[in-house]
Amino acid sequence: MRPASLRVLAGWLIDGSGAPARTDVVLEIKAGRITAVRPSGRDPLPPDLDLSSATLLPTLVDAHVHLTMSGSADLARRQRQLRMEYPEAEAVIGRHLARHRRRGITVVRDGGDHYGHTLSYKHRAAPGAVHIAAAGRAWHAPGRYGRLIGRPPAARIELGAAIARCSVGMDHVKIVNSGLNSLRIFGKETAPQFAAAELRRAVAAADALGLPVMVHANGRHPVAEALAAGCTSIEHGFFMGRTNLEAMAAGSVVWVPTVVTMAAYGRHLAQGREIGGAAADADLDVVRRNRDHQLAQLRMARRLGVRLAVGTDAGSLGVDHGTAFVEEMRFLAQAGFTIEAIVAAATSSGARLAGFSDRGRLAAGQRADFIAVPGPPQTLLARLTAPPALYLAGRHHSSG
Ligand SMILES: [Zn+2]
């Protein structure tokens, strides 16, 4: 018989809010929700679940993925994944979700695919342990970058009108407002894809539907325009510069820096392999400088108090679903963020972006979804390279 309530003893707790880690804490859980978090003190009864040698934290949220694409470096396979029809996509997405779950990631925020298969999956496939927040098909300007993940508005239709018409079943709107980063010319910026006024009306149209807007933007102007339009988050944000970071801090706009994409390109090129497509002449030195510049922007963001969410862009070349997540967390550590701030970016920040108010923190009223990682918070990032123990509604979840 299932007991009515459950007491879990945690050696250490990082609650996802950014607050300092606590030691020897008891979580009280009833009907899958946390009812209290308190010091273990002189508890007369042994806990139902003793995790006194582990650090507990909320289950993780990858704030930027592309579920139809795998991180595979096999260019033929990548091409195939760009063209596949729904039944094949369903199998691919299912495999990627299993990888997220194995790494303790229970919410993913998808940045779009050309055919909208991920959105279809969300509404057609049986729900599993990993929740998908889906953009369906991203929006890009005609003739500009973005075909792999979306489509342009139809001829003579404004972006805002297209959003008002084509957002059924979506959790957020994804707009592409710049090109990709050059892997050949360091710091090369591209022009915004949409005019400032059109972008403003587009965000207003999404707002009217109650949908947050994630904007792919690199470079000063594309980011400044997205911020002026009132977007919810900036995705990538390479080379956006200090003024934009200050505006993000002031306006509580979330930054998803996806540093791991450059690290993955770097590994690929260092093995003497080609990236193909538009990046066929990529230069390893430029890729490394792109990464280092993003790390410098992260340090600036830390000093300015910009809110971050950990997102990997999983599906990008060399960025594998699930395993890339801890690598991105480690870049935040390199930029000087505390472990509590990193966990907040990896949990509550992304959960909010995905529309949840009852996930991403371990506090009274929240879902009792957590991972347990052996050892204290100081060793958390090293230990997270192995799959953590996953608990949903306070119960151990086996990935079987
Ligand atoms: Zn992306």
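Heads up: numbering here begins at 1 and tracks the sequence.
- Cation-pi geometry between Arg151 and Trp139 is met: under 6.0 angstrom from the ring centre, within 45 degrees of the axis.
- Side-chain atoms of His96 and Val65, non-hydrogen and from C-beta on, never get closer than 4.5 Å to each other.
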Let me have the donor-acceptor pairs involving side chains of residues 202-217, under 3.5 Å, with sequence neighbours excluded, atom names and distances please.
residue : atom : partner : partner atom : Å
His216  : ND1  : His236  : NE2          : 3.3
His216  : NE2  : Gly179  : O            : 3.1

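- Contacts of Tyr121 classified as ring-ring contact (aromatic ring centres under 6.0 Å, His included), with partners at least two apart in sequence or in another chain: none.
- Between Asp15 and Arg22 no salt bridge is recorded (no basic side-chain N to carboxylate O distance below 4.0 Å).
- Using a cutoff of 4.0 Å between basic side-chain nitrogens and carboxylate oxygens, Arg103 and Asp62 are not scored as salt-bridged.
- When the ring-ring contact (aromatic ring centres under 6.0 Å, His included) test is applied to His172, no partner is found at least two apart in sequence or on another chain.
- Considering only residues two or more places apart in sequence or on other chains, Phe356 meets the ring-ring contact (aromatic ring centres under 6.0 Å, His included) condition with His131.
- Considering only heavy atoms from C-beta on, Phe325 comes within 4.5 Å of Thr312 through its side chain.
- Taking 4.0 Å as the cut-off between side-chain N and carboxylate O, Glu158 and Arg201 count as a salt-bridged pair.
- Here the CG-CG distance, from Asn290 to Asn181, works out to 5.5 Å after rounding to the nearest 0.5 Å.
- Partners of His268 according to the ring-ring contact (aromatic ring centres under 6.0 Å, His included) rule, which considers only residues two or more places apart in sequence or in another chain, do not exist here.
- Remark: Arg267 pairs with Glu327 by the salt bridge (Lys or Arg N to Asp or Glu O under 4.0 Å) rule, at least two apart or across chains.
- Taking the charged nitrogens against the carboxylate oxygens, Glu235 and Lys174 have no contact shorter than 4.0 Å, which rules out a salt bridge.
- Cation-pi contact between Arg289 and Phe186: present, with separation from the ring centre below 6.0 Å and deviation from the ring axis of at most 45°.
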